[in-house]
A.B. asks: 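I am attaching a structure below and will ask some questions about it afterwards.
The figures that follow rest on heavy atoms only: side chains count, while hydrogens, waters and symmetry mates do not. We name chains A, B, ... by the order of the sequence lines, and we start the count at 1 in each one.
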Amino acid sequence: MARTPLIDPVLADLDAAIRAALTAAGLPETDPDLEKPKQADHGDWATTVALRLAKPARRNPRELAQLVVDHLEVPEVVEEVSIAGPGFVNLRLAHRYHEDLVRRVLTEGGRYGHSQVPEAERRHVNVEFVSANPTGPLHVGAGRWAATGDALAALLEATGHAVTREYYVNDAGEQIRLFGESLVLVATGGELTEAHYRGQAIVEVAEQLRATHGAALFTSVPAGEEAELGGGTIAHGNADTGGGHGGLHGGLHGGLTEDVAAGDRAEVTVVDPRIAAAVGVRGVEAMRQRIEDGLHAMGVDFDVWFSERARLHETGAIAATLDELTARGVAYEAEGALFLRTTDHGDDKDRVLRRSDGRPTYFAADCAYLRDKWSRADELYYLLGADHHGYVDRLTAAAACLGVPPDRVEIRIGQLVNLLRDGQPVRMSKRAGETIDLDEVVEEVGSDVVRYHFLRQGLDSTIDFDLAVVAAQSMENPVYYVQYAHARIASVIRNADERGFEAGEVADADLSLLTHPAELALLTAMAGLPLVVAEAADLRATQRLARYAEELAGTFHRFYTECRILAPASGDADAPGAEVAADPALGRARYHLAVAAKQVLANALALLRVSAPERM
RNA sequence: GCCCCCGUAGCUCAGCUGGAUAGAGCACCGGACUUCUAAUCCGACGGUCACAGGUUCGAGUCCUGUCGGGGGCGCCA
């Protein structure tokens, strides 16, 4: 993809004009690579072609810049071309461009800022995120993946891709039996060991199951049910040892640093495994529903809740996948087990698909899942926490073994979330039920604050989530700065309506009157959204959009301070806004500018899934 | 031991894939509301971009190494 996507029609013109100038000047063709100068007074766009051509041509870059400018057929929208510094070619757009922009924003409405990637790059992207185990409620750290995955999905949609938001429900295997056992013990007053799941949510789910299925569920095997939980029949319950993080989807996946590894849940079999399994399956579904509700409260809605048990184990998809891998010649038997030749694709050792006792590994389920997704999408995006970093190589290799082109699988690792309270780390233990739940925090501080807090920072940096800070300083949270700008505009519009202000149609407004520095800054900022959206989507970087929203809000606040829209009530010639009283056409132009700015703010916030309030 | 991420203002972080004078919020100091929302604006203060080399017209950005912080590495759920 070109470094600067030619989103704006003007950009395409400039790009073509510079290319033509290069040819006309007898210079080698190269990407004009238009960029926005950091300093506003350098112009609206700049190209560094002269700097980059200087070395191969062995010529002075300023000289080359002059050559380019001499041969440049200046497009109509460009008002001024200048050479600056070591050889930058700066372009300043004519005011008419900004006038057109206001009309364009108002015409496009909610679509302004959206764009279409070239046909060849258009994809159906399966975005898998969160996918935390349904053996407990989501903790705060999961909010990072929920917010980020959802916003990335929105960004991909806004750039012309089709998206499936997907949550993998790890509802098979030993941990489900243990989860069921925990529920049984809670329901029957049995004694929980250290290995069992506990906590308020477990108690509530146990009560819920009793209410819907009756107490007998906890004491007898439902008729006609076997203890098939996937991962092979749990024949003795203690065939597996330990917890830990052997597979991608078996781990916590919630993305929060945690002091207790899931480990050593082993050897606990105090309940009939068939009962534990039956209860576990139902309990997991109840817990999953709680998770779904909690995410919905945060504005995150998944298209697909993919049940490992129902769609991989019960359908035989895992077995089919192992067959396919064997048929492809990428799997082999050794020591009674089936291995996948992941070392052919960069992994440091081959991985076991089927243990020597015949049971498939979690990795086998992950392969089957990948295969299933690939049949439904043409690009697979995994958003994982840093605790799964060690899994990337084998997952990439698995994709290659299944014939998925490497450029269609993107595994993104995000750093974890540190939960703090007044600067002190909060130690959490999932099995002891000592967690801080996402839905509680969302309820307390609001979805907007939680989402924005996570979206504002890049995936590569560890985020501190200090409950005290987020709650107490909420009035200083940058999200309010952005939302306030939107609410302020809404307020002006309300006032205008009340006063019977006649704004007229944009088409009739004289937007050429918008020449105040604060007006020009706002117009320039508004023009930036499409490019920011395209880049944020391309780089999978939500913070780009968040920072842009803050910048745009800032330019509006300055405009608001310096440029009145409504004439002052008094006739005082020195009062702020007297210029509007003297020239009503200016007030009308500013009104349309503000309405357009409101739209741009709303569009940016919409992509972050943060609300744009009408009043605050 | 090996792999990944981070180190930028007192604090929390951006920095547009190598460009012009490194930015914002918070904190601190000083200003601005009888007139569209002060959850705002204006100004001041604040930097050896962890450190050392290298690549080139140009490095916070790319490469190598060192130091410091975080995370990950199993026929294992």
A.B. asks: Identify all side-chain donor-acceptor contacts of residues 335-343 of chain A below 3.5 Å with residues at least two apart in sequence or on another chain.
C.D. replies:
| from | atom 1 | to | atom 2 | distance (Å) |
| --- | --- | --- | --- | --- |
| A/Thr342 | OG1 | A/Asp347 | OD2 | 3.0 |
| A/Thr342 | OG1 | A/Lys349 | O | 2.9 |
| A/Thr343 | OG1 | A/Asp350 | OD1 | 2.7 |

A.B. asks: Could you tell me which residues satisfy side chain to side chain donor-acceptor pair (under 3.5 Å) with A/Arg540, sequence neighbours excluded, listed by chain and number?
C.D. replies: A/Glu379, A/Glu410
A.B. asks: May I have all residue pairs that pass salt bridge (Lys or Arg N to Asp or Glu O under 4.0 Å) and include part of residues 577-598 of chain A, sequence neighbours excluded?
C.D. replies: A/Glu519-A/Arg590, A/Glu579-A/Arg590, A/Lys598-A/Glu614
A.B. asks: Using ring pair (Phe, Tyr, Trp, His ring centres under 6.0 Å) as the criterion, list what pairs up with A/Phe454, not counting sequence neighbours.
C.D. replies: A/Phe465
A.B. asks: Tell me, please, which residues at least two apart from A/Ser611 pass side chain to side chain donor-acceptor pair (under 3.5 Å).
C.D. replies: A/Asp448, A/Gln483
A.B. asks: Pairs counted as Watson-Crick or G-U wobble with both distances under 3.5 Å: what dot-bracket string results for RNA chain B, using | for bases tied to another strand?
C.D. replies: (((((((..((((.....[...))))..((((.......))))......(((((..]....))))))))))))....
A.B. asks: Does A/Glu551 have any side chain to side chain donor-acceptor pair (under 3.5 Å) partners at least two apart in sequence or in another chain, and if so, which?
C.D. replies: none
A.B. asks: So which protein nitrogen or oxygen atoms get under 3.5 Å of nucleotides 1-5 of chain B's nitrogens or oxygens?
C.D. replies:
| from | atom 1 | to | atom 2 | distance (Å) |
| --- | --- | --- | --- | --- |
| B/C3 | O2' | A/His389 | NE2 | 3.4 |
| B/C4 | O4' | A/His389 | NE2 | 3.0 |
| B/C5 | O4' | A/Gln415 | NE2 | 3.4 |
| B/C5 | O2' | A/Asp460 | O | 2.3 |

A.B. asks: Using a 4.0 Å heavy-atom cut-off, write out nucleotides 57-65 of chain B from 5' to 3' as B (base contacted by protein), S (sugar-phosphate only) or - (no contact).
C.D. replies: B--------
A.B. asks: Quick one: list whatever passes side chain to side chain donor-acceptor pair (under 3.5 Å) with A/Asp348, sequence neighbours left out.
C.D. replies: A/Arg351
A.B. asks: Restricting to ring pair (Phe, Tyr, Trp, His ring centres under 6.0 Å), what partner residues turn up for A/Phe179, sequence neighbours left out?
C.D. replies: A/Tyr197
A.B. asks: Quick one: list whatever passes ring pair (Phe, Tyr, Trp, His ring centres under 6.0 Å) with A/Tyr548, sequence neighbours left out.
C.D. replies: none
A.B. asks: Taking the side chain of A/Asn90 as its heavy atoms from C-beta onward, which of B/C75, B/C36, B/A20 lies nearest to it?
C.D. replies: B/A20
